[in-house]
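Side-chain atoms are counted along with the backbone in the values below, which use heavy atoms only and exclude waters and symmetry mates. Position 1 is the first residue of the sequence, and the numbers go up from there.
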Amino acid sequence: MNIVRYVGYAFLFFAVIMSGYEVVRYLDANYLRLMTVEQAWQSYNAVGMDRLRETVAESYFSGMLGDVFDFLIGLPLLSVLLLTGAFLMFISRHSDAAA
């Protein structure tokens with residue numbers, strides 16, 4: 001279960017780096033607009049985002065999946081990293097006591 005803790009540390013580490021990036025963006029533009037998951041994904045792999053959108057649109061439950069997908073990729077990346085890291089750290093807190 002230690003691997004879950006280390007992955008949680010990695011998410012929290014990237015959240016710290018992302019918060020530094022957001023501060024630099026804020027100082028440059030003088031307004032706070034957090035980067036979303038979609039913006040980060042588009043900058044990394046725009047073709048993958050387009051293919052995933054097509055897959056969601058062509059699925060049987062496209063209405064429901066489309067709404068969930070739009071909500072998830074619209075979340076701020078910093079909050080996703082923080083919440084995921086905190087959750088992984090929370091679920092791995094008793095792993096040393098079991099051994």
Side-chain angles (χ1 to χ4, degrees):
M1 198 66 158
N2 280 338
I3 189 73
V4 174
R5 181 176 295 153
Y6 294 140
V7 171
Y9 283 138
F11 271 94
L12 293 176
F13 173 74
F14 288 125
V16 169
I17 290 177
M18 190 67 199
S19 64
Y21 177 74
E22 293 293 347
V23 167
V24 168
R25 281 183 52 186
Y26 171 72
L27 293 175
D28 186 39
N30 290 333
Y31 67 93
L32 184 61
R33 184 169 181 181
L34 297 176
M35 177 183 278
T36 63
V37 174
E38 181 179 15
Q39 291 170 341
W41 196 342
Q42 285 283 354
S43 66
Y44 178 69
N45 186 2
V47 176
M49 176 64 79
D50 294 336
R51 287 185 183 162
L52 188 59
R53 283 191 186 277
E54 290 172 7
T55 303
V56 168
E58 294 171 357
S59 71
Y60 182 73
F61 299 107
S62 62
M64 181 184 66
L65 284 178
D67 293 340
V68 171
F69 180 72
D70 289 338
F71 172 75
L72 290 176
I73 64 169
L75 291 173
L77 182 60
L78 182 60
S79 65
V80 170
L81 291 172
L82 280 173
L83 291 175
T84 305
F87 175 73
L88 291 175
M89 295 297 290
F90 177 75
I91 65 171
S92 69
R93 73 187 188 282
H94 292 298
S95 63
D96 292 335

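Note that the CZ atom of F14 and the OG atom of S19 stand 13.0 Å from one another [nearest 0.5 Å]. To the nearest 0.5 angstrom, L77 atom CG is 4.5 Å from L81 atom CG.
Taking both residues in full, the closest heavy atoms of L78 and M18 are given as CD1-CB, 4.0 Å, listed atom of the first, atom of the second, then distance. Residues P76 and S79 come closest through the heavy atom pair O-OG, 2.8 Å. A15 and L82 get closest at one heavy-atom pair: CB-CD2, 3.7 Å. Taking both residues in full, the closest heavy atoms of T36 and G74 are given as CG2-O, 3.6 Å, listed atom of the first, atom of the second, then distance. Heavy-atom minimum distance, A40 versus M35: CB-SD, 3.9 Å. In plain terms, the two heavy atoms of L65 and S59 that are nearest each other are CD1-OG, 3.4 Å.
One hydrophobic cluster holds both L72 and F11 under the rule that ILVMFWY side chains link at heavy-atom gaps under 4.5 Å. By the criterion of side-chain heavy atoms lying less than 4.5 angstrom apart, applied directly or through intervening Ile, Leu, Val, Met, Phe, Trp or Tyr residues, L83 is not grouped with Y6; the two fall into different hydrophobic clusters. Criterion: ILVMFWY side-chain heavy atoms under 4.5 Å apart, direct or through other members. Under it, V47 and Y44 are not part of a common hydrophobic cluster. Under a hydrophobic clustering in which Ile, Leu, Val, Met, Phe, Trp and Tyr are joined whenever their side-chain heavy atoms come within less than 4.5 Å, directly or via other members, V80 and F71 fall into the same cluster.
Q39 has its side chain out of reach of Q42: every pair of non-hydrogen atoms, C-beta onward, lies at least 4.5 Å apart. Put simply, the side chain of V16 does not reach to within 4.5 Å of the side chain of L12, judged on heavy atoms. Taking the side chain as every heavy atom from C-beta outward, R53 and F69 approach each other to under 4.5 Å. No side-chain heavy atom of I17 sits under 4.5 Å from any side-chain heavy atom of Y21.
Not a single donor-acceptor pair under 3.5 Å links the side chain of R25 to the backbone N or O of L34.
Figure legend: cation-pi geometry between R93 and F90, with NZ or CZ positioned under 6.0 Å from the six-membered ring centre and within 45° of its axis.
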